[in-house]
Q: 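Just passing along the structure, written as structure tokens.
Keep in mind that the numbers below use all heavy atoms, side chains included, and drop hydrogens, waters and symmetry copies. Numbers restart at 1 for each chain; the letters A, B, ... are given by sequence-line order, proteins then strands.
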Amino acid sequence: MNESFRKVSKEKYVTAFIITTLIFAFGLTLGLYMQEQRYDWANTIADEQEIDYMSLQLQYLFLTTFDLSENCAVLQTSLRDSIDDLSDSLAKVIEYEESENIKSNEFLSLQRRYTLDNLRYWILAKKAEESCGTSTQTILYFYQNDCEECPDQGTVLTYFKKILQDELLVFPINTDVEDEPMVDIIINLYDVTEHPTIIINDTKYEGLQRKDLLEEILCDGTC
Amino acid sequence: MLFDIILYAVYGTSLFFSIFLLLIYLDHKRSHKKELEKYPEVSIIIPAYNEEDTIKQTLESVAKMDYPEYSLDVYIVNDGSTDKTKSVIEKFIKNKANFSLVSHDNMGKAASMNKVLNMINTPYFLCLDADSYVEPNSLKEIMTHFLTNDTGNLAIVTPAMKVWSPKNWLQKIQRFEYIVMLLFARLASHMDSLYVAPGPFSVYKTKVIKELGGFNTTTLTEDQEIAYRVQEHHYQIKHCPTAHVYTVSPRTLKAFYLQRRRWYMGGMQCSAQYKHLIAKKEYGDFGVFQVTKTVASYFLVGIGLLFAGYMASKPLYEQIRRGFLVNFDIWPYLQSLQFTVNPLFINPLKGIVLGSIFMIGIFFFIKAHKLTNEKVSGHGYFALVPYFVAYYLIKGTILCYCAIQILQKKRIKW
């Protein structure tokens, strides 16, 4: 049979391949650009938080130096706002990059910064609690990346944060953060050996703490 | 990581196929209409098995065709019907000289057609399913197309098959599918890559089909198998977009499932039988693109479905799991629910690739309607939602189920 009608649309295959490659390249480039933008955004907010933190430290120093405990409410409000900002910025970037399996150097230093920010806010919150005697409760939450029950603990803690709102401050500490002596210090301080572990009012609770137990501890079962 | 690589490979392949088809579309030119100067003799074979409800209307549409009676022989095959099909046919063909009835015990559609094929001497013949109806000018259109485009190799010209008067939502969804398929049939015709000669109203060159041994009686989809065989022997198949034929699409999910099961299993049978054509340059775009794409699509659909199932069920499972952890007290979550989209947290690669595939799909959907003079809103907008949201998932599921059955070596009957 005459096969002359048979043709392979070679140039169309090549064109389609080039266009597909270009679309992928464009998507990848845009992805890298947006990653940069995310870091810039997170760093800008982190810089602003640095100033907030300085202000908080100064407020605390001022209140304790001049014994102006009646102004504690201002410090508490500023502290809560700063912690909320922290979870609205760095935490979201870290959560997104984890879900997309991005493991850049910037991501690792962002993760470290987030952990350190949480620790210093936790220390300040503890000091403020001692000086001002507020009813705000603090939870130090130790987790790891490949810990099976940690997402469940996160869910339960988020639930209580939503219920108690300003009355509860949660400070998540990722113990997988490398080369950070401060994380080792705090792990040794509380002798954290398993994950998740939570510290509520200096009492350690190991393993997944369920809703019922936390309800008893945080609000005497009346949440 | 492996998950991401497979996912992007599926996205990339789908995007490549979509762009390639778009390029074919942009290149394809519509043929100019010509008048039929002579009316070649054509035999029409209508196999019927228990078609008492539809056969009369089918025969009426054939009788009303704008084609000279002297060039037309109609053979209605009563394939061992157990209902009143035979008497309906007998009553109808009374006093119609060019209509004749062939009756025998049930032997199947392909065998019935082969039996008549051996009886006829007309240069062309066509098959018409007994639940399909033709427009009066369809045969004239298709024969014009045949004679205009035949450079010696043309063996089959296929019609533009549409859904007959869709009543319920399932038929309305299938109407969209058929319209879109017509556009792809045009593109495949342009590439000489048609891989199916639809049962209703495909016109064949008698000499070629006899030479190739008639229809395969063991396959589930003889209309697909004959197309593959014709292509294998380097004959051409063309599509005539102006020859309209209407078919009654399945009304119930069960009938739909049974039809698709036959189509998909038949398709897989053909792919296995003609695997030697895959990626073969000597078969032009039919080998390099069409056969390869058909086989690739089985894997793409399977993997896509697995991934879609995983990606949909994982968050659902997580939500249920979380629900248990807080005793399904979701009120605090609802109270603090916020719908804010930060563009920094959108994966641009996924968005651009999937967006491009979706845009090309929508472009084809709209163009397909324009080219077939059909309105998207022709039978209401309601069916659009299930068509875009669930239809291809359901089809994919049936396809995967068929693949499993094939692997388990299960056999089904016509």
Q: What residue in A/T29, A/T21, A/T155 has the most heavy-atom pairs under 4.5 Å with chain B?
A: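 That would be A/T155.
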
Q: So which atom in A/G27 and which in B/P348 form the shortest heavy-atom distance, rounded to 0.1 Å?
A: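 Nearest heavy atoms, A/G27 then B/P348: O-CG, 3.9 Å.
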
Q: Ignoring hydrogens, what is the shortest heavy-atom contact between B/Q231 and A/R6? Give both atom names and the distance.
A: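 Shortest heavy-atom contact: O-NH2, 2.7 Å.
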
Q: Can you measure from NZ (A/K162) to CG (B/D329) and round to the nearest 0.5 angstrom?
A: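 Taking NZ in A/K162 and CG in B/D329, the distance rounds to 12.0 Å.
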
Q: Are there residues of residues 288-297 of chain B that reach to under 4.5 Å of chain A by heavy atoms, and which ones?
A: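 If one takes a 4.5 Å heavy-atom cut-off, the residues of residues 288-297 of chain B near chain A are B/V288, B/F289.
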
Q: Should B/I352 and A/F26 count as side-chain neighbours, where that means a heavy-atom distance under 4.5 Å?
A: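 Side chain of B/I352 against side chain of A/F26, heavy atoms only: contact under 4.5 Å found.
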
Q: Of the backbone (N, CA, C, O) and the side chain (C-beta and beyond), which part of B/F17 lies under 4.5 Å from a heavy atom of chain A, both, or neither?
A: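 For B/F17, neither part sits under 4.5 Å from chain A.
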
Q: To the closest 0.5 Å, what do you measure between NZ (B/K281) and NZ (A/K10)?
A: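 So the gap between those two atoms works out to 6.0 Å.
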
Q: Find the distance between CG (B/L26) and OG1 (A/T15) and round it off to the nearest 0.5 Å.
A: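 Here the rounded value is 11.0 Å.
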
Q: Using a 4.5 angstrom heavy-atom cutoff, name the option from B/F16, B/Y283, B/Y11 with the most pairs to chain A.
A: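 So the answer, after comparing B/F16, B/Y283, B/Y11, is B/F16.
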
Q: Nearest 0.5 Å please: distance from the CD1 atom of B/I19 over to the CD1 atom of A/I23.
A: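 It is 4.0 Å, given to the nearest 0.5 Å.
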
Q: Heavy atoms only: give me the nearest A/V8-B/D285 pair and the separation to one decimal.
A: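 Shortest heavy-atom contact: CA-OD1, 3.5 Å.
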
Q: Can you tell me if B/F363 has over 12 outside heavy atoms packed within less than 6.0 Å of its CZ?
A: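 More than 12 within 6.0 Å, yes.
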
Q: Could you tell me the separation between the CZ atom of A/F5 and the CG atom of B/L154, rounded to the nearest 0.5 Å?
A: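 Spacing of CZ (A/F5) from CG (B/L154) equals 9.5 Å.
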
Q: Between A/R210 and B/L325, is there a side-chain heavy-atom distance shorter than 4.5 Å?
A: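 When only atoms from C-beta onward are counted, A/R210 and B/L325 do touch, with a gap below 4.5 Å.
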
Q: For B/I330, look at atom CD1 and say whether over 12 heavy atoms of other residues, nucleotides or ligands are found less than 6.0 Å away.
A: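 For B/I330, atom CD1 is not crowded (no more than 12 foreign heavy atoms under 6.0 Å).
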
Q: Counting only heavy atoms from other residues, nucleotides and ligands, does the tally under 6.0 Å from CZ of B/F215 exceed 12?
A: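 Yes - once you tally the heavy atoms of other residues, nucleotides and ligands closer than 6.0 Å, there are more than 12.
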
Q: Distance from A/K7 atom NZ to B/D192 atom CG, nearest 0.5 Å?
A: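 Between A/K7 NZ and B/D192 CG, I get 6.5 Å after rounding to 0.5 Å.
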
Q: Heavy-atom count check: over 12 atoms from other residues, nucleotides or ligands less than 6.0 Å from A/E11 CD?
A: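 Check passes, neighbour count above 12.
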
Q: Got B/L23 and A/Y13 here, is their nearest side-chain heavy-atom distance under 4.5 Å?
A: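 No, their side chains stay 4.5 Å or more apart.
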
Q: So A/F24 and B/Y8, would you call those rings parallel, tilted or perpendicular, with 30° and 60° as cut-offs?
A: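 Rings of A/F24 and B/Y8: perpendicular, as their planes differ by over 60°.
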
Q: Just so I understand: if I count every heavy-atom pair under 4.5 Å between each of A/L28, A/D152, A/L30, A/I19 and chain B, which residue has the most?
A: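 Top count of heavy-atom pairs under 4.5 Å with chain B: A/D152.
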
Q: Can you tell which part of B/L21 gets under 4.5 Å to a heavy atom of chain A, answering side chain, backbone, both or neither?
A: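 Neither part.
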
Q: Output side-chain donor-acceptor pairs under 3.5 Å for residues 311-320 of chain B, partner residues at least two apart or in another chain, one line each.
A:
| from | atom 1 | to | atom 2 | distance (Å) |
| --- | --- | --- | --- | --- |
| B/S313 | OG | B/G309 | O | 2.6 |
| B/S313 | OG | B/Y310 | O | 3.4 |

Q: Under the side chain to side chain contact (heavy atoms under 4.5 Å, CB included) criterion, do B/N327 and A/D212 qualify, and how do the steps go?
A: CA-CA 9 Å; B/N327 299 345; A/D212 300 341; 3.9 Å; yes

